[in-house]
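Hydrogens, waters and symmetry mates are skipped; everything else that's a heavy atom, side chains included, is used. Whatever order the structure lists ligands and atoms in, that order sets their numbers, starting from 1.
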Amino acid sequence: MLIATLLLLTSTLQPEAIGGYAGGCLKNGMALPLTGPGYQVIRTKRLRYYGHPELIHYLEGLASQTKMAGLPDLYIADLAMARGGPFSSGHRSHQTGLDADIWFRMANRPISRWEQDAPKEWALIDEPSYRTLPGRFGPQQLTLLRLAAQSPDVTRIFINPVLKAEVCKRAPSEPWVQKLRPWVGHYSHFHVRLRCPIGSPDCLPQAPIPPGNGCGAELASWLKDKPQLPKTSTIYSKLPQLPGRCEG
Ligand SMILES: [Zn+2]
């Protein structure tokens with residue numbers, strides 16, 4: 001009886017990512033502390049700083065690595081809501097507690113309360129010309145991407161194609177470059193995605209990424225015409241069906 005109760009208790013407390021990255025939820029997630037060595041969470045009023053414990057540990061580990069590498073504090077933006085699921089605004093994924101947005105801009109000082117709620121976006125790309133703004137993608141940003149992508153838990157990093165082209169110029173033969181996936185938007189941040197954790201049997205993995213560093217024809221096709229962000233109304237007109245386990 002006692003063993004059965006204990007088993008039930010452990011299974012009810014087991015953290016789980018359920019469903020797909022863009023149609024799922026999070027069970028027994030945890031909050032990322034709002035500040036820690038090497039990072040600060042921004043826009044905390046949105047309450048999107050929850051994740052699967054593997055994501056929380058990954059972010060804390062990354063921030064300590066970047067700090068050791070001499071980088072200023074990271075700005076951590078959206079993770080997931082406490083129980084995952086679709087956001088009311090913004091991006092479609094981030095639903096299972098395995099996605100996180102990290103800014104390229106870094107903070108070399110503690111930020112004020114006001115700044116934390118409304119930090120200034122710091123685009124790295126000039127939209128009309130679709131080129132990098134001078135001086136904004138430097139060695140620190142490259143180091144940050146390298147440390148973020150090298151973890152075996154990371155399956156993909158979504159990044160603007162213009163910035164992937166910068167990485168392809170500077171570090172084309174480094175194996176982690178393969179994980180950088182061009183995507184629309186992302187002028188000021190990149191988006192890290194972790195693989196399905198062990199103990200999440202209903203987590204839906206994404207197809208493996210194609211072989212090669214993606215610096216050739218694939219990237220060229222993204223750069224040919226500036227990709228347009230879909231209008232918000234089209235993003236939200238088709239909300240995904242959530243897995244049954246996410247109800248209630
Ligand atoms: Zn994102």
Quiz item: Can Arg193 be said to sit on top of Tyr21's aromatic six-ring, NZ or CZ under 6.0 Å from centre and within 45° of the ring axis?
Solution: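 Arg193 over Tyr21 ring: yes.
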Quiz item: Can you tell me if an N/O/S atom from His94 lies under 2.8 Å from the Zn ion (ligand 1)?
Solution: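 Under 2.8 Å: His94 contacts the Zn ion (ligand 1) through an N, O or S atom.
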Quiz item: In Asp101, which N, O or S atom comes closest to the Zn ion (ligand 1)?
Solution: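 That would be atom OD1.
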Exercise. Using only N, O or S atoms, tell me which atom of His191 is closest to the Zn ion (ligand 1).
Key: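 Result: ND1.
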Quiz item: Taking the inter-plane angle between the rings of His191 and Phe158 on a 0 to 90° scale, is it parallel (under 30°), tilted (30 to 60°) or perpendicular (over 60°)?
Solution: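 Judged by the thresholds at 30° and 60°, the geometry between His191 and Phe158 is perpendicular.
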Quiz item: So, Asn213 versus Gln178: side-chain donor-acceptor pair below 3.5 Å or not?
Solution: no
Practice problem: Let me see the working for His189 and Phe104 under ring pair (Phe, Tyr, Trp, His ring centres under 6.0 Å), right down to the final yes or no. | Solution: CA-CA 5 Å; His189 76 274; Phe104 283 108; 8.2 Å; no
